[in-house]
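Worksheet: the structure to be examined is printed underneath.
Letters A, B, ... mirror the listed sequences (proteins, then strands); counts begin at 1.
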Protein chains: 2
Amino acid sequence: MKILTVDTSSNCSSVSLSDDATLLGECLLGEDRSNSGRLMDSISGLLRAARLAPEGLDCLAVSLGPGSFTGVRVGIATVKGLALATGKPVVGFSSLAMLAMNLPYSSAQVAPLFDARKGEVYGALYRCGALPDAVVADAVLSPADFLALVREPTIFVGDGALRYCDLIRDTLGELAIFPPWHTNLPRASAGAVIARETAREGKFTPLAQLNPTYLRASEAEIAKRKRDSL
Amino acid sequence: MKILTVDTSSNCSSVSLSDDATLLGECLLGEDRSNSGRLMDSISGLLRAARLAPEGLDCLAVSLGPGSFTGVRVGIATVKGLALATGKPVVGFSSLAMLAMNLPYSSAQVAPLFDARKGEVYGALYRCGALPDAVVADAVLSPADFLALVREPTIFVGDGALRYCDLIRDTLGELAIFPPWHTNLPRASAGAVIARETAREGKFTPLAQLNPTYLRASEAEIAKRKRDSL
């Protein structure tokens, strides 16, 4: 089963192409502020390298968030476009589960953290073997509230872990583990591992129901609610 | 410190661009039989995305093997060319240490294995935290001889692990762990983590001494020796 997987849930963009349990290729760009432009370059580059047309894919996969509002929408919109054009089925997955899968079979539980701005993080706790297993479900909360959930050695990964590393160290001391820095970027290929299992179970998401997992209201929604309540 | 890292030691090719402890981007292609052509595309694509010219790099890094004879030479030749053109210093690293770093802070030791053909593997045993620590040094040997070195739970990764997975399972039973499939491709970014430490210690390799780690004689050398001994 050939799967094209897209993640733009943070300020990075990442695309992978896989065939069953074989990774054919992956492109990731950190700090990709123009990810709408680069994303299609990465997709077409990977397909070209594999001598594959979009019609040759069996499935499309995309991270649904939580993460950057704009980023998540760019990823979902791109995959919806490809799905409409090719008629291929789509599966979605959690961006935090994907990030946790950078550290499979780790000696401690993994805390994937995205910086959610406004003094908050998108975070969760996972144990990852062949697949991610959530210990604490994806949530948006203050770093202090998140750290209160941690009572055992934990590997902190992602841009939220980097942003709040001093607080994490001060709060948890030796319980806090920071992995090598190449694991801090979300990788579409880790999402593809999750997506493949979802697709094998036939759990595709109808396009009309392929929605972002925001976990909190957007700035625009908050402003609208304020206006409406006046 | 901006480092461009190249790996073509297997039949995959991988390039990463990093700045200190931040990964700016990475491209990997599995089964890249024409890696000499694609490699320069990946390098220029990553530099372009980061708006960086080769002169803006501080250091070049390359995997020295063990691995495919042609692949290792393509990687080293490419990096030597870039080093000659830009005058930037170069560091080398082990391809097996790089592959092991796909599983940092793992609950078991890691056995990175490349298929060396002729019934042999390039293999080693590492424990990886912030950096890889060799338990058994890089070697070329039969899969059976390698497995005789394994007496505790071990994570097997790489194309050699895939090729000999039945033998590994039959020999080791529950001691053998196979990680999610997205970890089986070598990643230049994992090499960059090693290379950065080497560069920080000032351990650059003069170009004239930047040689492949073959561990065994090439087909051509074996044929020559046979001819010479006649």
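- Contact annotation for A:Ile177: only side-chain heavy atoms (C-beta onward) come within less than 4.5 Å of a heavy atom of chain B.
- Under a cut-off of 6.0 angstrom, the local environment of CD in A:Glu174 is sparse, with at most 12 non-hydrogen atoms contributed by other residues, nucleotides or ligands.
- Top candidate by heavy-atom pairs under 4.5 Å with chain B, chosen from A:Leu17, A:Asn184, A:Thr22, A:Leu162, is A:Thr22.
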N/O donor to acceptor pairs below 3.5 angstrom from side-chain atoms of residues 101-113 of chain A, sequence neighbours left out:
unit_1: A:Asn102; atom_1: ND2; unit_2: A:Thr183; atom_2: O; d: 2.7
unit_1: A:Asn102; atom_1: ND2; unit_2: A:Leu185; atom_2: O; d: 2.9
unit_1: A:Ser106; atom_1: OG; unit_2: A:Leu103; atom_2: O; d: 3.3
unit_1: A:Ser106; atom_1: OG; unit_2: A:Ala108; atom_2: O; d: 2.7
unit_1: A:Ser107; atom_1: OG; unit_2: B:Tyr105; atom_2: O; d: 3.2
unit_1: A:Gln109; atom_1: NE2; unit_2: A:Thr154; atom_2: OG1; d: 2.9

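- Within residues 120-138 of chain A, the residues having any heavy atom closer than 4.5 Å to a heavy atom of chain B are A:Gly129, A:Ala130, listed by residue number.
- Of the two parts of A:Asp20, only the backbone, made up of N, CA, C and O, holds a non-hydrogen atom closer than 4.5 Å to a non-hydrogen atom of chain B.
- For the set A:Ala192, A:Ser16, A:Gly45, the count of heavy-atom pairs under 4.5 angstrom toward chain B peaks at A:Ala192.
- Most heavy-atom pairs under 4.5 Å with chain A, from the set B:Gly25, B:Ser18, B:Ala21, B:Cys27: that is B:Ala21.
- From A:Asp41, atom CG reaches atom CZ of B:Arg48 across 8.0 Å, with rounding to the nearest 0.5 Å.
- Distance check, rounded to the nearest 0.5 Å: CZ of A:Arg196 to NE2 of B:His182 gives 13.5 Å.
- For the pair B:Ser189 and A:Arg187, the tightest heavy-atom approach, listed with the atom from each and the gap, is OG-NH2, 3.1 Å.
- Comparing B:Ala190, B:Ser42, B:Ala50 by how many heavy-atom pairs each has under 4.5 Å with chain A, the most go to B:Ala190.
- The CG atom of A:Leu28 sits 7.5 Å away from the CG atom of B:Leu28 when rounded to the nearest 0.5 Å.
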